[in-house]
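Along the sequence shown, residues carry numbers from 1. Indexing begins at 1, ligand by ligand and atom by atom, following the structure's order.
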Amino acid sequence: MNSAGKPGQQSNVQEYTKHPVKMIPYGRQDINQADIDAVVEVLRSDYLTQGPVIPAFEQAVASYCGAQRAVAVNSATSALHIACLALGVGKGDVVWTTPITFVASANCALYCGATVDFVDIDPRTYNLSVDRLAEKLAQSTGNLPKVVIPVHLSGQACDMAGIHALSQQYGFKIIEDASHAIGGRYRDEPIGNCRYSDITVFSFHPIKIITTGEGGMALTNDVHLAKQLKLYSSHGITSSKVDMHPRASEEIWNYQQIDLGFNYRMTDIQAALGLNQMQRLDEFVTKRNIIAKRYDQLLSGLPIVRPWQHPDTHSSFHLYLVRFKLAEINKTQRQMYDELVDLGVGVNLHYIPVYRQPYYERMGFKAGYCLQAEQYYSEVLSIPMYPRMTEAQQDHVVAALRAVTRA
Ligand SMILES: *Cc1c(COP(=O)(O)O)cnc(C)c1O
């Protein structure tokens, strides 16, 4: 990538100078002809929504993950909302999650009229810290959480066994926000099997591991919870005779609304894309791991902390998170960010601690609430990572990182 410096070569080489032709994005979907064909096939069929492809997609994800049931919805945000409802979250309840996540992991509790609190992160994995959780539970008698929502940041599983053990002791439920993590593994089993949780949620937004455009799914091994999830995803309406209330036989009751739900349904068009993407899920995760390994090698020696992996986990590597040793680099995070963007590297920040958002600050949260989370936030950037990333693109990213970290 140092071609610009070679004697006799044009110095206005576009790829690694001030104004690159094209930004390397931090993530990108992988759509092939078979995906397109699968979607077109649905468009030509009788059902654009509520047809046969949705149950096929649900079945494919459930069996891949080893979960009993799966309910497809129009986003992970919707899945988190109905997961909270199915677990009975309501007014007066408290839900705990990590501050280092997308806002949806916390907002879902607010949708239900509950309040939210945050547990600081583990400084090595950046996931919700089990030690901090244990401490906070011990100090919170009387105001214990109804649900804890661990988030598998970047695709690396949380210490689920530890969180599960605490749930047994303190009687809270667990929703895994696995929006980043389909295809990842924990203790040699697929994330999503709900061995240590009540419900697991996936996102199929294009930036995530597999996509349906917009979309999400909630998995569970509990038949009753699955039924509630399904009900909440479609207006609280059932057409199953056993669930309907008795009515005079001369009246026509094809369906009944038995609870208050939403229209959170996925379409068959989306499910067709998702179902076809499932065939390449392992390939996507393998490629992401190859890219991560190569980053690990190429970035060694730079003043950067590479993403540490707990031996219990096999990450789907939705993100490759680097922490800058800013004191050694002698620049601010903002400078690094701007310089990398100038060099055509689409860096991003995952995440601003949720409680620092103005909406959350209005609830009374203050800067400094979770110290590890804030330290992480002030040093981290996500660098480009997606299955179709080429070695040349990766070399460009590494060269840019080498250039901007040069003290
Ligand atoms: C993307 C994401 C969500 C929301 O997913 P949508 O499908 O866009 O609603 C929730 N939680 C986390 C951690 C995410 O990254």
Side-chain angles (χ1 to χ4, degrees), residues 25-29 57-58 61 70-85 95-112 116 118-119 121 125-128 147-158 160 163 174-184 191-192 197 199-219 229 232-233 262-267 270-271 273-274 277 288 307 315-321 348-355 357 359-360 373 376-377 380 382 385-386:
Y26 87 86
R28 194 181 194 287
Q29 70 276 13
F57 180 38
E58 290 171 337
V61 176
V71 177
V73 287
N74 59 2
S75 71
T77 304
S78 302
L80 287 163
H81 181 194
I82 60 175
C84 284
L85 289 174
V95 171
W96 291 1
T97 188
T98 168
I100 299 300
T101 185
F102 184 57
V103 292
S105 319
N107 288 345
C108 56
L110 304 181
Y111 297 157
C112 303
V116 179
F118 299 91
V119 181
I121 61 167
T125 63
Y126 319 140
N127 280 327
L128 185 145
V147 171
V148 173
I149 306 181
V151 178
H152 305 314
L153 187 74
S154 80
Q156 175 170 218
C158 297
M160 289 310 301
I163 297 169
I174 300 172
I175 301 169
E176 292 174 70
D177 183 345
S179 290
H180 299 181
I182 193 169
I191 290 177
S197 66
I199 297 170
T200 301
V201 166
F202 293 132
S203 171
F204 307 128
H205 183 278
I207 211 70
K208 308 290 166 67
I209 307 289
I210 63 163
T211 189
T212 61
E214 295 278 1
M217 205 175 277
L219 284 75
L229 289 165
Y232 287 126
S233 74
F262 307 87
N263 183 351
Y264 282 170
R265 294 187 304 262
M266 179 178 277
T267 65
Q270 293 168 302
L273 179 53
Q277 291 248 308
R288 286 173 176 278
S315 179
S316 58
F317 273 104
H318 164 53
L319 303 171
Y320 191 92
L321 302 162
N348 217 306
L349 178 51
H350 297 95
Y351 292 92
I352 301 164
V354 174
Y355 62 80
Q357 297 291 345
Y359 184 80
Y360 281 82
Y376 161 88
Y377 155 62
V380 78
S382 309
M385 161 64 87
Y386 49 95

#### Entry: Residue pair Ile199 / Ala218: nearest heavy atoms and the distance that separates them
CG2-CB, 4.0 Å
### Query
Can you pull the residues with any heavy atom under 4.0 Å from ligand 1?
Ser75, Ala76, Thr77, Thr101, Phe102, Ala104, Ser105, Val151, Asp177, Ser179, His180, Ser203, Lys208, Gly215, Tyr351
### Message
Could you go through Val380 and His350, starting from their C-alpha distance and side-chain angles, then the distance that decides it, and tell me whether this counts as side chain to side chain contact (heavy atoms under 4.5 Å, CB included)?
### Response
CA-CA 8 Å; Val380 78; His350 297 95; over 6 Å; no
### Residues which pass salt bridge (Lys or Arg N to Asp or Glu O under 4.0 Å) with Glu176, listed by chain and number, not counting sequence neighbours
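In terms of salt bridge (Lys or Arg N to Asp or Glu O under 4.0 Å), with neighbours along the sequence ignored, Glu176 is linked to no residue.
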### Message
List the residues meeting side chain to side chain donor-acceptor pair (under 3.5 Å) with Ser154, not counting sequence neighbours, and say none if there are none.
### Response
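None.
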### Query
Listed by chain and number, what are the side chain to side chain donor-acceptor pair (under 3.5 Å) partners of Tyr264, not counting sequence neighbours?
His81
### Message
Using the ring centroid of each side chain, check whether Tyr111 and Phe262 are separated by less than 6.0 Å.
### Response
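They do not qualify: ring centres at least 6.0 Å apart.
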